[in-house]
A.B. asks: 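Please find one structure pasted underneath; my questions will follow.
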2 protein chains.
Amino acid sequence: MKLQLQIKMNEALFIRNPEQSELGKNIIQHGIQLIYKNGFEAFTFKKLAEDIGTTEAGIYRYFENKHKLLVYLTAWYWSWFEFQINYHTNNIEDPIVKLKRVIKLLATTVEDDELTGYVNESLLHQIVISEGSKAYLTKQVGEDNKLQFFKPYKDLCAVIGTIILECSPKYLYPKSLASTIIEMAHFQNFFMNNLPSLTDFGNSKEEGEIISFLNDLVFSSLKKT
Amino acid sequence: MKLQLQIKMNEALFIRNPEQSELGKNIIQHGIQLIYKNGFEAFTFKKLAEDIGTTEAGIYRYFENKHKLLVYLTAWYWSWFEFQINYHTNNIEDPIVKLKRVIKLLATTVEDDELTGYVNESLLHQIVISEGSKAYLTKQVGEDNKLQFFKPYKDLCAVIGTIILECSPKYLYPKSLASTIIEMAHFQNFFMNNLPSLTDFGNSKEEGEIISFLNDLVFSSLKKT
DNA sequence: TTATTTATAATAGTAATACTATCTTATAAA
DNA sequence: TTTATAAGATAGTATTACTATTATAAATAA
């Protein structure tokens with residue numbers, strides 16, 4: 001028997017559930033490939049339709065517009081990622097070891113997860129690095145937030161915040177430190193590869209260095225208290 | 001005599017220098033207002049032309065497209081901001097006091113600078129918070145970087161990195177810490193106002209708390225070594 | 001088995017966006 | 001006075017971002 005990982009998505013993100021049909025899964029699969037390849041700005045439903053071999057109108061039956069698709073993909077990623085964290089920190093007692101593991105997971109290149117058929121997590125991880133912020137850096141962030149579009153991201157942040165407090169119960173900024181770790185794991189990666197002089201890893205381009213930087217940053221803050 | 005602050009901009013950012021004509025200055029001034037008001041996605045040269053009372057084609061004589069205008073505005077902002085830093089940390093000897101001042105400047109609401117006629121720095125600061133990352137989170141980041149579009153941002157990062165090393169000469173990640181401070185001063189502000197559960201300042205919504213968080217983060221890291 | 005729902009394909013069409021081109025007029029420098 | 005130069009006026013195109021309609025194929029219920 002083949003295991004399958006199903007993620008329950010917010011219904012307001014789509015018009016028709018893409019998980020429940022071939023075309024829907026194709027939209028996700030090829031959508032990830034195209035956004036990865038061309039970037040979100042150059043990505044259109046027309047190109048996606050051509051890529052899949054369907055029509056533009058077909059895509060619109062699943063997603064209202066490309067912004068919703070991006071939000072869907074990032075929400076999916078963070079849900080999947082929280083599952084990864086639970087899975088990989090399952091039996092760890094020591095919150096410090098736990099937090100280090102979380103940082104490592106955040107800053108490490110993701111490999112395709114065989115449990116999720118049509119989603120290429122490796123490409124999706126790159127999309128979340130390069131395009132993820134565009135999901136919330138908009139004028140509609142307030143409405144989108146009311147509709148709970150960012151719940152997976154916020155849940156992850158809360159989980160990491162809790163671990164931080166376990167490490168250091170008197171630390172004053174667990175949630176801000178959590179969002180800082182998440183964002184910086186990705187931004188330092190983007191900078192390292194694209195604007196290297198904004199980092200100290202431009203020469204080596206090794207993600208291990210990002211992990212060291214984040215560990216140093218986080219545990220200096222937590223040790224103090 | 002009235003003092004005037006002139007910022008020398010990268011020539012590759014525009015087709016015609018907007019500083020050198022009324023229309024050009026109008027493009028900058030009203031561009032800032034419109035992007036602030038509608039967000040970068042909804043912003044078009046057509047709307048800008050109507051707002052100014054000129055034609056679309058008129059705008060295109062100054063900027064190749066709206067992305068270039070955004071890059072221009074962010075580059076302008078960081079150049080102006082580096083000047084602010086130099087001005088406000090001029091006579092400070094102690095690098096720790098200096099770095100604290102930099103953090104405060106980064107995380108504090110900006111007021112309109114009277115020395116710069118047609119640029120509203122207060123609005124521009126909000127644009128840099130909400131839209132700034134979109135200047136480099138693109139597929140063309142490599143080419144844009146070759147053309148030195150991000151030099152002001154990188155220069156600022158270098159300046160802050162130098163102060164960090166003055167505080168703590170053995171610290172291993174001065175540039176990454178510098179870009180982290182810059183990005184987080186803005187992201188924590190955006191989160192506080194739009195996705196408050198990602199921060200610890202959702203209730204108070206006071207930028208003073210962001211400053212405290214960043215100071216704690218930075219000086220924990222630097223004290224250690 | 002037929003009837004009916006449902007998903008998708010095919011096609012058409014619209015308003016807005018992102019430009020380019022051309023021609024004329026106003027202005028100011030040579 | 002000539003001649004650059006900037007700006008206004010107008011037109012036009014390809015692409016984007018959709019909506020609507022109709023036909024067909026496949027799955028499901030009666």
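Here is the naming used below: chain letters follow the sequence lines, and residue numbers restart at 1 for every chain.
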A.B. asks: Of all residues at least two apart in sequence or in a different chain, which pass the ring-ring contact (aromatic ring centres under 6.0 Å, His included) check with H30(A)?
C.D. replies: none

A.B. asks: Going by atom types alone, do Q188(A) and T199(A) pair a side-chain donor with an acceptor below 3.5 Å?
C.D. replies: no

A.B. asks: Sequence neighbours left out, what passes salt bridge (charged side-chain N to carboxylate O under 4.0 Å, His left out) with E206(B)? Give chain and number order.
C.D. replies: none

A.B. asks: Just how large is the angle between the end axes of the helix from dT1(C)-dA30(D) to dA30(C)-dT1(D), five pairs per end, to 10 degrees?
C.D. replies: 10°

A.B. asks: Under 6.0 Å between ring centres, would you say that holds for W80(B) and Y77(B)?
C.D. replies: yes

A.B. asks: Could you give the CD1-to-C1' distance, from I15(A) to dA17(D), as a whole number of Å?
C.D. replies: 13 Å

A.B. asks: Applying salt bridge (charged side-chain N to carboxylate O under 4.0 Å, His left out), can you list everything that pairs with E111(A), at least two apart in sequence or on another chain?
C.D. replies: none

A.B. asks: Does F149(B) have any ring-ring contact (aromatic ring centres under 6.0 Å, His included) partners at least two apart in sequence or in another chain, and if so, which?
C.D. replies: none

A.B. asks: Going by heavy atoms closer than 4.0 Å, what residues in residues 49-58 of chain B are next to DNA chain C?
C.D. replies: E56(B), A57(B)

A.B. asks: Does E121(B) reach the main-chain N or O of D113(B) with its side chain, forming a donor-acceptor pair under 3.5 Å?
C.D. replies: yes

A.B. asks: Please work out which residues in residues 60-74 of chain A have a non-hydrogen atom less than 4.0 Å from an atom of DNA chain C and list them by number.
C.D. replies: R61(A), Y62(A)

A.B. asks: Look at S21(B) and dA7(D) and indicate whether a side-chain polar atom (N or O) is within less than 4.0 Å of OP1 or OP2.
C.D. replies: yes

A.B. asks: Taking only residues at least two apart or on different chains, which pairs with a member in residues 130-148 of chain B satisfy side-chain hydrogen bond (donor to acceptor under 3.5 Å, both in side chains)?
C.D. replies: E41(B)-K134(B), E131(B)-K134(B), Y136(B)-E183(B), T138(B)-Q140(B), N145(B)-K154(B)

A.B. asks: How many whole angstroms separate atom CD1 of I59(A) from atom P of dT19(D)?
C.D. replies: 14 Å

A.B. asks: Angle class for the H125(A)/H186(A) ring planes (parallel below 30°, perpendicular above 60°, tilted otherwise)?
C.D. replies: perpendicular

A.B. asks: Within residues 23-38 of chain B, which residues have any heavy atom lying less than 4.0 Å from an atom of DNA chain C?
C.D. replies: none

A.B. asks: Looking only at side-chain N and O atoms, does N193(B) offer a donor or acceptor that is under 3.5 Å from a partner on N189(B)?
C.D. replies: yes

A.B. asks: With E56(A), which residues qualify under salt bridge (charged side-chain N to carboxylate O under 4.0 Å, His left out), at least two apart?
C.D. replies: none

A.B. asks: What is the distance from CD of Q20(B) to P of dA7(D), rounded to the nearest Å?
C.D. replies: 11 Å

A.B. asks: Identify, with sequence neighbours excluded, every residue that meets salt bridge (charged side-chain N to carboxylate O under 4.0 Å, His left out) alongside D155(A).
C.D. replies: K151(A)

A.B. asks: CZ of F43(A) versus P of dC18(D): gap in Å, rounded?
C.D. replies: 12 Å

A.B. asks: Taking any atom closer than 4.0 angstrom to a non-hydrogen atom of chain A, what span of DNA chain C does the protein reach, first nucleotide to last?
C.D. replies: dA7(C) to dT11(C)

